[in-house]
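Just so we're on the same page: letters track the sequence lines, and every chain starts at 1. Excluded from the calculations below are hydrogen atoms, water molecules and symmetry mates; all remaining heavy atoms, backbone and side chain alike, are included.
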Number of protein chains: 2
Amino acid sequence: MKEGPDIARIASLVGDPARANMLTALMDGGALTASELALEAGVSLPTASSHLAKLMDGKLLTVASQGRHRYYALSGTEVANMIEAISGVAAHSGPRRARPGPRDKSMREARVCYDHLAGDHAVKMFDRFIAEEIIVRDDEEIRLGPAGASFFTAIGIDTSTLSSSRRPMCRACLDWSVRRSHLAGSLGTAILDKILAEKWARRPAGSRVVEFTPPGRKAFEKLFLA
Amino acid sequence: MKEGPDIARIASLVGDPARANMLTALMDGGALTASELALEAGVSLPTASSHLAKLMDGKLLTVASQGRHRYYALSGTEVANMIEAISGVAAHSGPRRARPGPRDKSMREARVCYDHLAGDHAVKMFDRFIAEEIIVRDDEEIRLGPAGASFFTAIGIDTSTLSSSRRPMCRACLDWSVRRSHLAGSLGTAILDKILAEKWARRPAGSRVVEFTPPGRKAFEKLFLA
DNA sequence: AGAATGCTTCGACTACCATCGAACCATGGA
DNA sequence: TCCATGGTTCGATGGTAGTCGAAGCATTCT
C-alpha cells in the first residue's frame with residue numbers, strides 16, 4: 001500500500017468519455033471555449049462546465065479568459081504525452097477496429113499532435129533529420145546538429161528566434177500509430193506552421209487529420225524527405 | 001465526436017484506486033497471485049478477482065496458471081510506459097507532496113521499472129553508455145555499440161545469449177522522476193539481475209525501491225559510471 | 001477419497017458521479 | 001439602463017460500478 005503519485009486520481013479524470021473527448025479535441029494544441037467543448041463531447045453545457053472544473057482541478061487544463069469567452073487548453077506537453085501513451089495501449093487493446101477506415105488511414109499518415117506534426121510523414125522526416133545530422137540526439141536531449149541551422153534558414157525557418165524562447169526548440173515525442181519518435185518543440189511547431197502556410201495541406205475542421213494536397217505532398221517530400 | 005482509440009475505456013481501468021494499486025504493484029515486472037494483489041490493493045479477494053477480470057479484458061494484464069496459482073503480470077512494456085506517463089502528470093498535479101519523504105528520495109535514486117533499473121542511477125548509467133559508445137542510438141532503435149560486446153562480457157554478461165531472444169535487447173524507457181531515458185530490454189534486465197546477484201543492493205519487500213549498500217554503490221559506480 | 005487452499009461467480013447493497021433543467025452571475029453591446 | 005450571450009452553480013434524478021459475504025469450482029496434498 002505504498003503511495004506513489006496519485007495515478008488513479010488523474011487516470012479517472014481521463015476515464016470519463018466526455019472528458020476524454022474534450023482532451024482529445026484539445027490534442028491539436030488549440031484552445032476551445034466551454035461551449036465548443038460541450039459540443040465536442042456531446043454533453044450539455046452545465047455538464048461540460050462541471051467536467052472542465054474537474055480537469056482544471058487536476059491541472060490537466062489551463063484557461064485564458066478573454067472578454068466573455070474562456071479558452072481552455074491542455075496545460076502542457078506532459079499531458080499530451082500521457083494521452084498519446086494511453087492511446088497507444090488503447091489501440092492495442094481496443095475492439096480491434098474491423099477495417100481501419102479511411103479517416104483512420106489519414107490519421108496514421110499525418111495528424112497534429114498538440115502543436116506539431118505526427119504520424120508516418122513526421123516519423124520519416126525525423127529519421128531523415130537524424131541521418132543528415134540536421135538534428136542530433138544525445139541521450140534524451142535533442143539538439144540542432146551541424147547541418148541544422150543552414151538547412152532551416154534555407155527553407156525560411158529562423159532557428160535563432162526559436163531558441164530564444166524558454167520552451168525547448170527540439171523535443172522527441174512518441175507516436176501511437178507508428179511506434180517511433182517524431183519532432184516536437186518549437187521547431188516542430190514552426191515546421192507545421194510552414195506546411196500550413198504554404199498550403200501544402202489543410203486541416204479539416206474538428207479533426208486532428210492533416211490532409212496533404214497532391215502537389216503539397218510532393219513539395220513536402222522534396223523538401224523534408226530529400 | 002471523432003473516434004480515436006477508446007482512450008476513456010482503458011483510462012477508467014487505471015482510474016480505480018484498487019486497480020491502480022495493483023498495476024503499480026506490478027510495475028516491478030514481477031508476477032503476483034490474486035491474493036497478493038488483493039492485499040496490495042487493500043480489498044477483499046472477490047473484489048480483487050473482479051478487478052483482475054476487468055484488467056484482463058482490457059488486455060492490460062496477462063496471466064499464467066501454475067497449478068492452483070494464477071500469476072498476473074503486466075501485459076507488456078507498453079502498459080508500463082503508460083503508467084509512467086500518468087505518474088508523470090500526477091506528480092505535477094498532485095497535492096504537492098509536502099516534503100518528499102525518505103522513501104520518495106530512494107525511489108528517485110534507484111527503483112525497479114517493470115524489469116530493469118530506473119531512477120537517477122539508471123539515467124547516469126545510460127548517459128555513460130552512450131558517451132562511451134557502449135550502446136548507440138540511431139533514431140528510436142537502440143543497439144549495442146562498437147565498445148559494447150567487450151564491455152559486457154568483461155563484466156560477465158553474455159550479450160550473445162541475450163540477443164537470441166525475440167525480445168529486443170536494448171530499449172529506451174522514460175522516467176517519471178528524472179525526465180530522461182534509461183535502458184530497458186533484456187540487457188537492462190541482465191544488469192539489474194547482476195546488481196542483485198552481487199548483492200550490491202537489496203529490494204525491500206513490497207516496494208519498487210532498490211536500496212544500495214554503501215560498498216554496493218561504490219562497486220556499481222566503479223563498474224558502470226566509470 | 002477427503003480435506004485444504006486458491007480463486008472465481010453470484011447476489012444484494014451502497015455510494016458515487018454523470019447528467020440535465022432551471023436559476024443565477026458576468027461581460028458586452030445597444 | 002436594459003437586453004443578449006457565454007458560463008457557472010444548484011438540486012434532483014438515475015445509472016453504474018465498486019464492495020463484500022456466501023457459495024461454488026478447481027487443484028493439490030495427505
Side-chain angles (χ1 to χ4, degrees), chain A residues 1 6-26 30-73 75 90 93 206, chain B residues 1 6-26 30-75 93 206:
Chain A
M1 196 79 97
D6 191 356
I7 148 178
R9 197 175 96 87
I10 78 104
S12 73
L13 282 178
V14 188
D16 177 84
R19 286 191 292 258
N21 282 337
M22 293 178 174
L23 289 170
T24 47
L26 292 171
L32 297 177
T33 68
S35 4
E36 288 169 319
L37 286 168
L39 193 67
E40 196 73 39
V43 294
S44 76
L45 230 167
T47 337
S49 187
S50 134
H51 285 306
L52 290 170
K54 280 171 218 221
L55 289 172
M56 289 291 298
D57 189 52
K59 300 203 203 315
L60 299 193
L61 258 45
T62 58
V63 67
S65 297
Q66 261 175 40
R68 62 179 156 189
H69 296 266
R70 312 199 66 188
Y71 286 97
Y72 289 91
S75 69
S93 147
Chain B
M1 195 84 89
D6 190 356
I7 149 177
R9 196 175 97 87
I10 78 103
S12 73
L13 282 178
V14 189
D16 176 84
R19 286 191 293 259
N21 282 337
M22 293 177 174
L23 289 170
T24 48
L26 291 172
L32 297 177
T33 68
S35 5
E36 289 170 317
L37 286 168
L39 194 67
E40 196 73 39
V43 295
S44 77
L45 231 167
T47 340
S49 187
S50 133
H51 284 306
L52 289 170
K54 281 172 216 215
L55 289 172
M56 288 290 298
D57 190 54
K59 300 206 209 305
L60 298 194
L61 257 45
T62 58
V63 68
S65 297
Q66 263 175 36
R68 61 181 157 188
H69 296 267
R70 312 199 64 189
Y71 287 95
Y72 290 92
L74 295 192
S75 69
S93 147

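Protein atom CG of Leu37(A) is 15 Å distant from nucleotide atom C1' of dT8(D), rounded to whole Å. At whole-Å resolution of the value, CG in Asp57(B) and C1' in dG18(D) are 17 Å apart. Atom CE of Met56(A) and atom C1' of dG7(D) are 14 Å apart (whole Å). Taking atom CG of residue Asp16(A) and atom C1' of nucleotide dA18(C), one finds them 7 Å apart after rounding to whole Å. For Leu61(A) and dG7(D), the CG to P distance is 14 Å, given to the nearest whole Å. Separating the CG atom of Leu32(A) from the P atom of dG7(D) is a distance of 11 Å, rounded to the nearest angstrom. As a whole-Å value, the separation of Leu55(B) CG from dG18(D) C1' is 13 Å. Residue Met22(A) contributes atom CE, which lies 11 Å from atom C1' of dA18(C) at whole-angstrom precision.
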Please tabulate, one pair per line, each protein N/O and nucleotide N/O from nucleotides 6-10 of chain C that are separated by under 3.5 Å, including the distance.
residue: dG6(C); atom: O3'; partner: Arg68(B); partner atom: O; Å: 3.4
residue: dC7(C); atom: OP1; partner: Arg70(B); partner atom: N; Å: 3.4
residue: dC7(C); atom: OP2; partner: Ser35(B); partner atom: N; Å: 3.3
residue: dC7(C); atom: OP2; partner: Ser35(B); partner atom: OG; Å: 2.0
residue: dT8(C); atom: OP1; partner: Arg70(B); partner atom: NH1; Å: 3.3
residue: dT8(C); atom: OP1; partner: Tyr72(B); partner atom: OH; Å: 2.6
residue: dT8(C); atom: OP2; partner: Ser49(B); partner atom: OG; Å: 2.9
residue: dT8(C); atom: O5'; partner: Ser49(B); partner atom: OG; Å: 3.1

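For Lys54(B) and dG18(D), the shortest distance from a side-chain N or O to OP1 or OP2 is below 4.0 Å. A close approach under 4.0 Å does not occur between any side-chain nitrogen or oxygen of His51(A) and OP1 or OP2 of dC17(C).
Partners of Thr62(A) according to the side-chain hydrogen bond (donor to acceptor under 3.5 Å, both in side chains) rule, which considers only residues two or more places apart in sequence or in another chain, do not exist here. Partners of Ala38(A) according to the side chain to side chain contact (heavy atoms under 4.5 Å, CB included) rule, which considers only residues two or more places apart in sequence or in another chain, are Ala48(A). Residues passing the side-chain hydrogen bond (donor to acceptor under 3.5 Å, both in side chains) test with Ser35(A): none are found, sequence neighbours excluded. Under the side-chain hydrogen bond (donor to acceptor under 3.5 Å, both in side chains) criterion, Ser49(A) pairs with no residue, sequence neighbours left out.
No donor-acceptor contact under 3.5 angstrom links the side chains of Ser50(A) and Thr47(A), judged on distance only.
Listed by first and then second residue, the salt bridge (Lys or Arg N to Asp or Glu O under 4.0 Å) pairs involving residues 48-58 of chain A are Arg9(A)-Asp57(A) (not counting sequence neighbours).
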